[in-house]
Amino acid sequence: QVQLVESGGGLVQAGGSLRLSCAASGRTFRSYGMGWFRQAPGKEREFVASINWSGDSTYYADSVKGRFTISRDNAKNTVYLQLNSLKPEDTAVYYCAARSYAGGISTGITSYDNWGQGTQVTVSS
């Protein structure tokens, strides 16, 4: 079991930027595929971005492509999500997730077996 702790959320104006961090416990972090998801009030949790174990493969939801960047530092057991050109519709709780049994990327919620507690991102217009 891996524990994930997100940070970096907050309130920002439209067009602004934030960087979310997700710190993971465990010595085998470098073997995990990682992802970011988000959930807005009254909506289902949705895929945002995913990165493979080595960091050389990434995938994004169409809604964030070109604005968000996922990256990882295996030496620090941390995955990041850089959010640029934020829009009010990006407002949501952002969750970090890990695939402890697979190192590839995935867009499916059920592909992830460990989740963080979430960090709130609010974008004002």
Side-chain angles (χ1 to χ4, degrees):
Q1 189 80 0
V2 58
Q3 293 183 331
L4 304 172
V5 179
E6 301 99 331
S7 61
L11 173 64
V12 63
Q13 289 187 333
S17 298
L18 285 173
R19 188 174 84 154
L20 307 183
S21 299
C22 173
S25 64
R27 295 175 294 174
T28 54
F29 169 80
R30 62 181 66 250
S31 68
Y32 302 160
M34 298 294 295
W36 286 95
F37 291 76
R38 66 186 182 186
Q39 188 166 17
K43 295 187 177 181
E44 295 186 349
R45 192 169 299 188
E46 65 175 5
F47 169 77
V48 175
S50 181
I51 189 167
N52 73 333
W53 67 275
S54 63
D56 62 0
S57 181
T58 58
Y59 190 80
Y60 298 91
D62 288 343
S63 59
V64 307
K65 199 173 298 182
R67 299 188 299 121
F68 292 7
T69 302
I70 188 171
S71 62
R72 67 190 297 161
D73 185 339
N74 286 342
K76 296 182 178 180
N77 277 18
T78 302
V79 64
Y80 304 97
L81 186 67
Q82 178 68 42
L83 291 65
N84 296 330
S85 302
L86 281 161
K87 305 174 181 180
E89 52 263 43
D90 294 319
T91 295
V93 176
Y94 284 71
Y95 296 91
C96 171
R99 309 181 74 203
S100 65
Y101 58 90
I105 60 176
S106 177
T107 64
I109 288 176
T110 58
S111 297
Y112 295 83
D113 58 339
N114 291 276
W115 293 82
Q117 82 289 348
T119 185
Q120 176 71 47
V121 171
T122 303
V123 184
S124 63
S125 57

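In this chain, residues are counted from 1 in sequence order.
Atom CZ of Phe37 sits about 4.5 Å away from atom CH2 of Trp115, to the nearest 0.5 Å. Atoms CG and CD, on Asn77 and Gln3 in that order, are 12.5 Å from each other to the nearest 0.5 Å.
The disulfide (SG to SG under 2.5 Å) analysis of residues 3-116, with sequence neighbours excluded, yields the pairs Cys22-Cys96. Residue pairs meeting the disulfide (SG to SG under 2.5 Å) criterion with at least one member in residues 28-59, sequence neighbours excluded, do not occur.
Counted within 6.0 Å of NZ on Lys43, heavy atoms from surrounding residues, nucleotides or ligands total 12 or fewer; the atom is thus considered open.
With salt bridges taken as basic N to acidic carboxylate O contacts below 4.0 Å, none links Lys87 and Asp90.
Residues passing the salt bridge (Lys or Arg N to Asp or Glu O under 4.0 Å) test with Glu46 are Arg38, sequence neighbours excluded. Listed by chain and number, the residues in a side-chain hydrogen bond (donor to acceptor under 3.5 Å, both in side chains) with Ser31 amount to none (sequence neighbours excluded). In terms of the side-chain hydrogen bond (donor to acceptor under 3.5 Å, both in side chains) criterion, residue partners of Asp113 (sequence neighbours excluded) are, by chain and number, Ser100. Every residue two or more places apart in sequence or in another chain that forms a side chain to side chain contact (heavy atoms under 4.5 Å, CB included) with Ala102 is listed here: Arg99.
Taking the six-membered ring where the residue is Trp, Phe68 and Tyr94 present tilted rings, their angle falling between 30° and 60°.
Side-chain contact check for Ile70 versus Val79: some heavy-atom pair is nearer than 4.5 Å.
A cation-pi contact, defined as under 6.0 Å to the ring centre and within 45° of the axis, is absent between Arg67 and Tyr60.
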